[in-house]
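Data block below; observations after.
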Amino acid sequence: MDITIKELNTTPTQLTFFLLTGVPGLEDIQIWMSIPFSFMYVLAVLGNVLVMAVVVYDRSLHEPMYLFLAMLAFNDVLLCTVTVPQMLLIFWQGPLEATFPACLTQMFFVHALFLSESAVLLAMAFDRYVAICIPLHYTSLLTGSLIGKVGLALIARSVAVVTPGVLLILRLDFCQNNIIRHTYCENMGIAKLACNSFTLNSIYGLSAALLTTGLDFVFISLSYWLILKSVLQLPSKEARTKAFGTCGAHICVILIFYTLAFFSFFTHRFGHHVSRHTLILLANLYLLIPPTMNPIVYGIKTKEIRMRVVGTCSQTLFKSIETAKNR
């Protein structure tokens with residue numbers, strides 16, 4: 001398939017669009033790559049919507065742990081929906097034009113939702129810390145009003161951190177090239193197209209990531225270290241097993257999320273010998289694998305969620321069979 005890619009040699013005021021080309025070097029097999037990505041996206045959306053529905057409609061699950069899980073599921077649906085449909089369109093149809101405002105909007109939501117995902121994981125770690133280490137204060141500390149404030153705080157933090165990055169993009173001059181060799185618009189992918197220095201963008205992006213996501217990871221690690229210390233001191237083997245089971249699911253999700261994110265983040269900036277298609281694939285996987293894995297991990301390891309899902313599916317199947325018989 002021959003694809004002609006247009007380049008833009010204009011002044012900054014005339015720049016109206018970027019051209020997203022997909023995964024460089026793998027254009028011939030992108031149509032096949034779309035199959036696993038499509039499957040993962042459908043699984044992520046259906047799984048997370050199911051988790052949200054179970055938590056919202058079952059009033060017995062209106063507790064901090066499950067409300068945070070519903071927040072995570074909602075964020076996951078948005079996070080993968082912001083990027084994956086556009087990526088699949090590129091895989092199916094070839095390079096895609098994105099207007100300058102649309103590209104900046106996508107960049108804003110990609111980074112803001114990533115930060116809020118990290119914040120929700122931190123809130124969930126704190127929830128488990130209080131529940132296991134200081135259970136007598138659980139209901140007094142984690143009230144409904146506090147959870148609402150946490151939700152507002154994570155939105156405010158994401159907006160406050162990402163907005164300066166967007167403003168720093170607006171100060172750049174784009175006068176040579178409008179081709180982004182990527183499947184979606186992100187900070188450094190846009191900044192590297194500028195014909196003036198983007199050092200400030202790079203410094204701000206690195207600093208913001210370390211002071212938000214980096215600190216989140218430090219506090220999450222500290223929380224689970226304290227939890228593990230407390231769990232090992234529990235007298236009952238059954239209690240230890242239950243606590244390890246719950247925390248093990250959380251740790252699994254956290255390791256997947258931060259390992260992929262940090263590896264992608266640092267190789268994109270410092271991995272000059274890493275192939276371009278590897279960088280782009282990693283940048284897509286760290287936004288898609290966690291939303292796909294989260295409902296699976298929590299659905300399997302969280303007894304209450306699993307029982308509600310099985311019960312709902314059983315009732316639906318039973319009603320379908322009864323309806324078929326009546327006909």
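Only this structure's heavy atoms are used, side chains among them; waters, hydrogens and symmetry mates stay out. Values in this document were obtained by computation on a predicted structure and should not be read as measured data.
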Worksheet item: Is there side-chain contact between Ile280 and Pro24, with heavy atoms separated by less than 4.5 Å?
Response: yes
Worksheet entry | Contact check, side chains of Leu121 and Tyr258, non-hydrogen atoms, under 4.5 Å | yes
Discussion item. Checking the side chain of His111 only, and the main-chain atoms of Glu186 only, is there a donor and an acceptor separated by less than 3.5 Å?
Written reply: no
Worksheet item: Is it true that the side chains of Gln106 and Gln86 contain a donor and an acceptor less than 3.5 Å apart?
Response: yes
Worksheet entry | Spatial distance of atom CG (Leu19) from atom CD1 (Ile90) [nearest 0.5 Å] | 8.5 Å
Item to complete: May I ask you to check whether Tyr286 and Phe263 place their ring centers less than 6.0 Å from one another?
Response: no
Worksheet item: Quick check: does any side chain N or O of Asp127 sit under 3.5 Å from a backbone N or O of Ala123, one acting as donor and the other as acceptor?
Response: no
Worksheet item: What pair of heavy atoms forms the shortest contact from Asn75 to Leu113, and how long is it?
Response: ND2-O, 3.0 Å
Fill in: Spatial distance of atom OG1 (Thr212) from atom CG (Leu122) [nearest 0.5 Å]
11.5 Å
Worksheet, complete the sentence: Minimal heavy-atom distance between Arg276 and Arg181, with the atoms involved, is NH2-O, 3.5 Å
Practice prompt. Report the C-alpha separation of Phe257 and Phe114 in whole Å, then their side-chain angles, then the decisive distance to 0.1 Å, and conclude whether the ring-ring contact (aromatic ring centres under 6.0 Å, His included) test is met.
Written response: CA-CA 10 Å; Phe257 178 75; Phe114 176 78; 5.0 Å; yes
Practice prompt. Would you check if Leu142 and Phe126 make a side-chain contact, meaning some heavy-atom pair closer than 4.5 Å?
Written response: yes
Item to complete: For residues Phe100 and Phe17, establish whether the separation of their ring centroids is below 6.0 Å.
Response: no
Worksheet item: NZ/Lys192 to CG/Asn187 distance, rounded to the nearest 0.5 angstrom?
Response: 10.5 Å
Worksheet item: Going through the distances and angles, do Ser118 and Leu154 end up as a side-chain contact (heavy atoms from CB on, under 4.5 Å)?
Response: CA-CA 9 Å; Ser118 180; Leu154 67 87; over 6 Å; no
Item to complete: Determine, step by step, whether Glu117 and Asn294 satisfy the side-chain contact (heavy atoms from CB on, under 4.5 Å) criterion, reporting the C-alpha distance in whole Å, the side-chain angles of both residues, the deciding distance to 0.1 Å, and the verdict.
Response: CA-CA 11 Å; Glu117 179 103 349; Asn294 287 350; 3.5 Å; yes
Practice prompt. Go through the side-chain N and O atoms of Arg171 and Asn196 and say whether any donor and acceptor fall under 3.5 Å apart.
Written response: no
Worksheet item: Any donor and acceptor pair, going by atom type alone, linking the side chain of Arg157 with main-chain N or O of Leu115 inside 3.5 Å?
Response: yes
Discussion item. For the aromatic rings, using the six-membered ring if either is Trp, is the centroid distance between Phe18 and Phe174 under 6.0 Å?
Written reply: yes
Practice prompt. Would you confirm whether Thr259, through its side chain, and Ile256, through its main-chain N or O, come within 3.5 Å as a donor-acceptor pair?
Written response: no
Worksheet item: What are the two closest heavy atoms between His62 and Val56, and how far apart are they?
Response: NE2-O, 3.0 Å
Fill in: Side-chain heavy-atom pair Phe68, Val150 within 4.5 angstrom cut-off
yes
Fill in: Which atom of Cys133 lies closest to which atom of Ser230, heavy atoms considered
SG-OG, 3.1 Å
Worksheet item: Yes or no on side-chain contact (heavy atoms from CB on, under 4.5 Å) for Ile29 and Val23, after CA distance, side-chain angles and deciding distance?
Response: CA-CA 10 Å; Ile29 62 169; Val23 184; over 6 Å; no
Worksheet, complete the sentence: What one should report as the nearest heavy-atom pair of Pro291 and Pro295 is O-CD, 3.1 Å
Discussion item. Between Val218 and Ile251, is there shared hydrophobic-cluster membership here, with clusters defined by ILVMFWY side-chain heavy atoms closer than 4.5 Å?
Written reply: no
Worksheet item: Under 3.5 Å, is there a donor-acceptor pair linking the side chains of Thr292 and Tyr41?
Response: no
Worksheet item: Does the side chain of Phe262 reach to within under 4.5 Å of the side chain of Thr213, using non-hydrogen atoms?
Response: yes
Worksheet item: Should Thr183 and Thr83 count as side-chain neighbours, where that means a heavy-atom distance under 4.5 Å?
Response: no
Practice prompt. Of all the heavy-atom pairs spanning Leu172 and Ala191, show the shortest one and how long it is.
Written response: CD1-CA, 3.8 Å
Discussion item. Is there a side-chain contact between Met40 and Val84 in this structure, where contact means two heavy atoms from C-beta onward sitting under 4.5 Å apart?
Written reply: no
Worksheet item: Given Ser116 and Ile155, is the side-chain contact (heavy atoms from CB on, under 4.5 Å) satisfied, shown in steps?
Response: CA-CA 7 Å; Ser116 60; Ile155 294 172; over 6 Å; no
Item to complete: Flag the pair Leu193 / Asn178 as yes when at least one side-chain heavy-atom distance between them is below 4.5 Å, and no otherwise.
Response: no
Worksheet item: Any chance the side chains of Ser202 and Thr199 put a donor and an acceptor closer than 3.5 Å?
Response: no
Worksheet item: What is the distance from atom CG of Leu88 to atom CZ of Phe91, rounded to the nearest 0.5 Å?
Response: 7.0 Å
Worksheet item: With distance as the sole test, does Gln30 use its side chain to make a donor-acceptor pair with the main-chain N or O of Met33 at under 3.5 Å?
Response: no
Fill in: Close aromatic pair by centroid cut-off 6.0 Å: Tyr184 and Phe109
no
